[in-house]
Trainee: 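Sending over a structure as structure tokens; questions will come in a sec.
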There are 4 protein chains.
Amino acid sequence: MTTSTKRNIKKQQILDAAEKVFANYGFANTKMEKVASEAGISKGTVYFYYDTKENLYMALTYQAIQFLIDRFYQVLDEQRAYPGIEGSLALVHSYLQFCEKNPLYADLMLDYMTVNRTTRDGMDTNRLTAALQDSIYYRKIQDIQNIPISLITQEIKRGVEDGSILNKQQPELLYLLAWSSTIGFVKLNSAAGKRQSLLNVDVDVWRTQLLAQMRQMLLVTSFELV
Amino acid sequence: MTTSTKRNIKKQQILDAAEKVFANYGFANTKMEKVASEAGISKGTVYFYYDTKENLYMALTYQAIQFLIDRFYQVLDEQRAYPGIEGSLALVHSYLQFCEKNPLYADLMLDYMTVNRTTRDGMDTNRLTAALQDSIYYRKIQDIQNIPISLITQEIKRGVEDGSILNKQQPELLYLLAWSSTIGFVKLNSAAGKRQSLLNVDVDVWRTQLLAQMRQMLLVTSFELV
Amino acid sequence: MTTSTKRNIKKQQILDAAEKVFANYGFANTKMEKVASEAGISKGTVYFYYDTKENLYMALTYQAIQFLIDRFYQVLDEQRAYPGIEGSLALVHSYLQFCEKNPLYADLMLDYMTVNRTTRDGMDTNRLTAALQDSIYYRKIQDIQNIPISLITQEIKRGVEDGSILNKQQPELLYLLAWSSTIGFVKLNSAAGKRQSLLNVDVDVWRTQLLAQMRQMLLVTSFELV
Amino acid sequence: MTTSTKRNIKKQQILDAAEKVFANYGFANTKMEKVASEAGISKGTVYFYYDTKENLYMALTYQAIQFLIDRFYQVLDEQRAYPGIEGSLALVHSYLQFCEKNPLYADLMLDYMTVNRTTRDGMDTNRLTAALQDSIYYRKIQDIQNIPISLITQEIKRGVEDGSILNKQQPELLYLLAWSSTIGFVKLNSAAGKRQSLLNVDVDVWRTQLLAQMRQMLLVTSFELV
DNA sequence: CATGAATGAGGCTTCATTCAT
DNA sequence: GATGAATGAAGCCTCATTCAT
């Protein structure tokens, strides 16, 4: 095993540990010591691989987006032979699974958006935001951030073109409707606690309805306005 | 003006300031000093009215829920003459407005759920959670937490009974679908920044579609499964 | 009732309250708010009469010494007809009662001695000590501090002269032996708690033995050295 | 030198520094920053070894009692061949030396007794007391607190049995008389300041008399009541 | 490279004191 | 005079980060 490989394994171990800890405590309440102990190493070593807490967080964000992109390509590959609506729903489904696997993923992307925003707006950038933007991973994410969105909207367009999707709204709008539903679903479930069923509603039924609603949306020509 | 009234006014001023600061920085990055200066008073005075940061946060949560409940009652009063579907959608709409007015409100409730959860589960309660549960407002919230949900599900039931809502799913499920969509919508918009339109989609169009989708949902007998 | 009289009554109420609170919590852990509430008045009023916490403490010290002096004169008056040994022991006894009535009295005098000492030594005077020395009562105490000691040593001398006291040691030494026993007795009892008997020894027996030991001491010509 | 050894050395250095500072300023006026600088380290390091000020104080208390116990065993070992009265007086003497070496030791034990008392009584436990009781050392002290008393009373009993001690009072009572004298002696001397002689009485003479008085006490059959 | 002790800036909170009413 | 809200200096403690071994 090369030195580089060993380094990468260790980096991955840290990332895995960080994922657990950030997911349980959130960014602010996560202690580097806890990440280290979760990874079975010392604090110093964590700092050897990730020089700030913010950098570690951004590395995790980068990885999450990479995973999502990989998954999306895989789904697209599987769905190539089917109509666009199936590919689109499969993408949404895989995104939902992705977020359910670890609610942190949804937060990571939301946080990235927030950080990214303050770069543009002239907002009073606080220390935290500035530190996040300093991360090398911040730049790396900027290069790939649009890929998931791009893949999904392209698939919707394919569905519109092959006639399987009837809704003629902007693909981006359709994506936002799906994305926000997913985020809300994940947020509520995560806040309620994984074991707990919210309002006595079965989570599986809920998820199924959510997806059914999305299909419905793609099949409808237009919505009546409220 | 009585002494008690003056006290309440000051408490409200602090709460207003806290709302701004928590909304901008989140709980962890909010400094009591900042809340004080935002309220135009000194740090000590903030502590005179709210003895911990956590208590201030919970007071805000309590107020948010109270506001929501007040708004709900008002909406229900206005919708009394109309069929249940209109009342239900009006409630959802008012909830959406409520969260859009200040995205912090959505977070407050989500955070409350998380805190509340650790009370039930035997989770490894951290310092923050424990402090939040110590707040007098935590107890007060427990007494009213179920009212919004109850009001909305009752209105859905009225709609089912008067025949305006055709979907025969559990009202709770319908509520969750609406609730999660709303949270996702608010979260995404707040992350993107108020001035920024996400993916070049007009927010008003997005919101309209969201509500249309909800009406659709209530009018459909049942969804096809994916 | 004159204005001046009313003032004095109020000052005395505050002093009484302060006595209770200082006795229960010690100087550092006593809050002016607590003194005020104990006196049934507001914090501002306490400050109207005693402009610093240290001043209040020194006022209490002054009063304690005054009380002790008054008591000593009274005892001396009662004992005038009896031999000096009886007068001396009666003084010691009254001192013991004085300290037992409120253990704070012993502390007040000890603290005064400490504060007084740092005036002489070139010690690194801390803020607290400096503030105590600033009190107007500090000066007043300086004028009367030696009276109790003087009264007791004079009475011992009278006993030596009238032949009732056989111990020819310095009266000051005899006083110190009595004084330190008393302080130790009070300290231990106060630490143990008033209701609690220490090591299952009856406090009354202990006190009796203590006084017997002192009489013994005055009656003995000289001690064997250890 | 092992890691564990180094840690213990550092812990001891901090304890030594804390001893000086607490002795000079008392608990309330001691600043952790001062302890740190006295130890030649930073505040953070102090907290690395002792997580609260109260814990540090209790650690010191524990050490003081341990030292006393060690000293007592040593004295008992030396006195094994001599009659019980000599052993008893030697113990008292060593206790006196122990307290004179650092008056803080007497305070530590007194404070411990006070803290311990509020555990039993249903007293309105204040923050400080609660924090002291939370210390891990508080528990450790509870396990050894009775040893010094036990050793001394046993030695007195030995003296009674071998006929060297004639006083037939409870050994516990005799111990209390000795203990309180010692505490009073130390308190007065510490308040007066080490360099200062109180009332122009030579401290060595005073101490000698104190010990002579104790021997006297053990040799007397019974005291006349006052 | 790994460790874990050491650092110190930063933030929460307390409470003596002040001051407007 | 009395009140109690307002102030802010001061001190405890946390924890990201550094660094000697």
Side-chain angles (χ1 to χ4, degrees), chain A residues 3 6-7 10 28-37 39-56 127-128 131, chain B residues 1 3 6-7 10-11 28-36 39-56 127 131, chain C residues 3 6-7 10 28-37 40-56 127-128 131, chain D residues 1 3 6-7 10-11 14 28-36 39-56 127 131:
Chain A
T3 302
K6 277 205 290 189
R7 266 188 76 108
K10 188 65 70 89
N29 292 305
T30 286
K31 297 166 202 169
M32 292 300 268
E33 174 64 49
K34 180 86 180 171
V35 171
S37 72
I41 58 178
S42 76
K43 222 181 347 175
T45 307
V46 174
Y47 274 92
F48 183 80
Y49 290 97
Y50 298 94
D51 56 355
T52 66
K53 189 179 172 184
E54 287 81 8
N55 198 27
L56 180 56
R127 212 183 312 270
L128 172 60
Chain B
M1 195 168 7
T3 299
K6 276 204 288 189
R7 272 187 77 115
K10 187 59 70 86
K11 284 193 85 166
N29 292 305
T30 287
K31 297 160 207 166
M32 291 300 266
E33 175 67 49
K34 180 82 179 172
V35 172
I41 57 178
S42 78
K43 215 175 0 158
T45 305
V46 175
Y47 276 93
F48 185 80
Y49 291 95
Y50 299 94
D51 55 359
T52 64
K53 189 179 171 183
E54 288 81 9
N55 198 28
L56 180 56
R127 219 185 306 272
Chain C
T3 302
K6 278 204 290 188
R7 267 188 75 109
K10 188 66 68 89
N29 292 306
T30 286
K31 298 166 201 169
M32 292 300 268
E33 174 64 50
K34 181 86 180 170
V35 171
S37 71
I41 57 177
S42 76
K43 221 181 345 173
T45 306
V46 174
Y47 273 93
F48 182 80
Y49 290 96
Y50 297 95
D51 57 353
T52 66
K53 189 179 172 183
E54 287 81 8
N55 198 28
L56 179 57
R127 212 184 313 269
L128 173 61
Chain D
M1 193 170 3
T3 300
K6 275 202 288 188
R7 272 187 75 115
K10 186 59 69 86
K11 284 193 85 167
I14 294 172
N29 292 304
T30 287
K31 295 160 209 166
M32 292 299 267
E33 176 66 49
K34 180 83 180 173
V35 171
I41 58 179
S42 78
K43 212 177 3 157
T45 306
V46 176
Y47 278 95
F48 185 80
Y49 291 95
Y50 298 95
D51 55 359
T52 63
K53 189 179 171 183
E54 287 82 6
N55 199 28
L56 180 57
R127 220 185 307 274

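A, B, ... follow the sequence lines: proteins, then strands. Residue 1 opens every chain.
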Trainee: Hey, is the side chain of R7(D) poking within less than 4.0 Å of OP1 or OP2 on dG4(E), counting only N and O atoms?
Mentor: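 Checking R7(D) against dG4(E): no side-chain N or O falls below 4.0 Å of OP1 or OP2.
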
Trainee: Would you please confirm or rule out a distance under 4.0 Å between OP1 or OP2 of dT7(E) and any side-chain N or O of T45(D)?
Mentor: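 So the side-chain polar atoms of T45(D) do come within 4.0 Å of the phosphate oxygens OP1 or OP2 of dT7(E), strictly under.
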
Trainee: If I take atom CD1 in residue I41(D) and atom C1' in nucleotide dT7(E), what distance separates them, rounded to the nearest angstrom?
Mentor: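 That distance rounds to 11 Å.
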
Trainee: Test of understanding: with side chain to side chain donor-acceptor pair (under 3.5 Å), list the residues that count as partners of T45(D), not counting sequence neighbours.
Mentor: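 Residues passing side chain to side chain donor-acceptor pair (under 3.5 Å) with T45(D): S42(D).
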
Trainee: To the nearest angstrom, how far is Y50(B) atom OH from dT14(E) atom P?
Mentor: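 Y50(B) atom OH is separated from dT14(E) atom P by 17 Å.
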
Trainee: Give, for atom CD1 of I14(D) and atom CD1 of I41(D), the distance between the pair rounded to the nearest 0.5 Å.
Mentor: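 So the gap between those two atoms works out to 4.0 Å.
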
Trainee: What pairs of residues pass the salt bridge (Lys or Arg N to Asp or Glu O under 4.0 Å) test when at least one of them lies in residues 42-56 of chain D, not counting sequence neighbours?
Mentor: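 Every pair satisfying salt bridge (Lys or Arg N to Asp or Glu O under 4.0 Å) with a residue in residues 42-56 of chain D: there are none.
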
Trainee: Looking only at the side chain of F48(D) (C-beta and beyond, no hydrogens), which of the listed nucleotides dG1(F), dG8(E), dA5(E) gets closest?
Mentor: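 The listed nucleotide nearest to F48(D)'s side chain is dA5(E).
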
Trainee: Could you pull out the closest heavy-atom pair between Y49(B) and R7(B), with the gap in Å?
Mentor: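 Smallest interatomic distance, heavy atoms only, reads CE2-O, 3.8 Å.
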
Trainee: Answer yes or no: does a side-chain N or O of K10(A) lie under 4.0 Å from OP1 or OP2 of dA2(E)?
Mentor: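 So the side-chain polar atoms of K10(A) do come within 4.0 Å of the phosphate oxygens OP1 or OP2 of dA2(E), strictly under.
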
Trainee: Report the distance from atom OH of Y49(A) to atom C1' of dA2(E), rounded to the nearest whole Å.
Mentor: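 About 9 Å, once rounded to whole Å.
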
Trainee: Closest heavy-atom contact between Y47(D) and T52(D)?
Mentor: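 Scanning both residues completely, I find the closest heavy atoms to be CE2-CA, 4.2 Å.
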
Trainee: CG of L128(C) versus P of dG11(F): gap in Å, rounded?
Mentor: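 These atoms are roughly 12 Å apart.
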
Trainee: Distances under 3.5 Å only, N/O to N/O: pair up the protein atoms with those of nucleotides 15-18 of chain F.
Mentor:
| residue | atom | partner | partner atom | Å |
| --- | --- | --- | --- | --- |
| dC15(F) | OP2 | K31(A) | NZ | 3.3 |
| dA16(F) | OP1 | T30(A) | O | 3.1 |
| dA16(F) | OP1 | K53(A) | NZ | 3.2 |
| dA16(F) | OP2 | M32(A) | N | 3.0 |
| dT17(F) | OP2 | Y47(A) | OH | 3.0 |
| dT17(F) | OP2 | K53(A) | N | 2.9 |
| dT17(F) | O4 | K43(A) | NZ | 2.9 |

Trainee: Tell me which of S42(B) and V46(C) sits closer to the 5' end of DNA chain F, going by the nucleotide each one is nearest to.
Mentor: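 Per heavy-atom nearest nucleotide, the more 5' residue is V46(C).
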
Trainee: With sequence neighbours excluded, what pairs up with K11(D) under the side chain to side chain donor-acceptor pair (under 3.5 Å) test?
Mentor: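 Residues passing side chain to side chain donor-acceptor pair (under 3.5 Å) with K11(D): Y137(D).
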
Trainee: Which range-with-range stems can be found for DNA chain E when each stem has 3 or more Watson-Crick or G-U pairs in a row and both distances sit under 3.5 Å?
Mentor: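 Stem list for DNA chain E: E:2-21 with F:2-21.
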
